[in-house]
Amino acid sequence: MRKIVTAVMGTISGLVLLFSYHTSTNSEATTSPGGADTDAGTSSSSGTYTGDAVQTRWGPVQVQITVENGTITSADAIQYPDENRRDQQINAYAIPQLNAEVVQAQSAQIDTISGATVTSDGYLQSLQSAIDNAHL
Amino acid sequence: MTTPVAPLAGAAPDLPRRAFVAQIMGLPISVHVRGPRARDEAVAHAVEQSFAELRADDATFSVWKPDSPVSRIRDGRDSLAEAHPRIRHVAALCELAGHRTGSAFSAWLPDDEGTIRFDPTGLVKGWAVEQAFVGLVGRLRQFGAHDAVINAGGDIAVHCTRTDTPAWRIAIEDPRDRSRLLRTLELRTGAVATSGTAARGRHITDPATGVPAIGLLSASVIGPELTWADVYATAAFVKGPTAVGWLATLAHHAAVLVAPDGGVTSVRAAE
């Protein structure tokens, strides 16, 4: 699996292929004759892999992926054509839709709350502290 | 607890998640990490390192600690021109913030006696939190794919490295009733900052007049970087209702303004 990943990581199109075919790659790994036993297969199909930097018309691009039990859980460009970090962030950023719904404060569906600056004194009464407490 | 958004195929809804809270710069700062090793000690160390960086910035930039390097500049014991590069960098960012906001943001503000002094506080918090967060995201990389969010007293930066998780769901509170939430948004990478006086009734000074701004109850700005979302939220609060036209010129940003009568205006810049 590691070899497959490393080889395919050579190009960006390779990454796209890897996304498209990771299911079949998994089944291949489990069904291929002479394949590693289950334990070794599990351990070898998890990890972080960094591809070679690829020259594109805009400049070098390098991608890092994380594989957990044979499934890609993360793909991150770690080198961009433009080294400027502001552009990197904007590349990954899209203006979100603002939902007009008014949500009850008790809603468990909120991860974090933006508001006028909370002081340390006011924290214990804040909704954010309740959210934090749920995950400490 | 239900998952708010239908996760992508292959999602791992039971990913470990852990919150960390510290009190720094007089603010509650919470960090949430989700991912396979979120509850490992190694991740706790990575988060603690970010908290340590924020404490170091507080020691450098505090205008409340009488012997901090910035306090020494404020009262003339040291000169800004010869200050530590990190302080001069912040001073340069403050200049840029003045240009980008039509002077609605300034690091030269009156002190309690009315004397104009160097006060980068309005930029330092967002900038320091963003720096600490970017460092954390980089350190988490070695432990696999993790998502993270930081909330510093209501100003937020989020990052998703994973592809199988729902976006972070962020609420903007109602400045008239802080137990109510006015808007929600979903963000995988970016920042949300809110300026207002609801929490501590503390004034935000209009640099043009030297008096507190009163045109809005709160201004929230959503954008790619916390430093600038924070600066733009402060500037929008100072500008008041007329900030709408200016905010619409800010590419990659959106905003929510709450008027004194409770009216809500959402602004989305053209792409």
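Because the structure is a prediction, the values reported are computed rather than measured. Every heavy atom of this structure was used, including side-chain atoms; hydrogens, water molecules and symmetry mates were not. Here is the naming used below: chain letters follow the sequence lines, and residue numbers restart at 1 for every chain.
- The pair A/D132-B/R18 does not count as a salt bridge, with every side-chain nitrogen at least 4.0 angstrom from each carboxylate oxygen.
- Separation of atoms CD1 (A/I110) and CD (B/E173) is listed at 12.0 Å; rounding is to 0.5 Å.
- In this structure, chain A has heavy atoms under 4.5 Å from both the backbone and the side chain of B/V192.
- In this structure, CG on A/D111 lies 8.0 Å from CD1 on B/I170, to the nearest 0.5 angstrom.
- Put simply, of B/H146, B/Q23, B/R17, the one with the most heavy-atom pairs under 4.5 Å next to chain A is B/R17.
- For B/A152, no part lies near chain A; criterion is any non-hydrogen pair under 4.5 Å.
- Here the CD1-CG distance, from A/I113 to B/N151, works out to 8.0 Å after rounding to the nearest 0.5 Å.
- Under 3.5 Å, the side chains of A/S114 and B/T194 contain a donor-acceptor pair of N or O atoms.
- Counting heavy-atom pairs closer than 4.5 Å to chain A, the top-ranked of the candidates B/P16, B/A233, B/A171, B/G35 is B/A171.
- Between B/S30 and A/Q128 there is a side-chain heavy-atom pair separated by less than 4.5 Å.
- In terms of heavy-atom proximity, A/H135 sits nearest to B/R39 at O-NH1, 3.7 Å.
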A/I131 vs B/H32, side chain to side chain contact (heavy atoms under 4.5 Å, CB included): CA-CA, chis, key distance, verdict: CA-CA 10 Å; A/I131 295 172; B/H32 289 222; 4.0 Å; yes

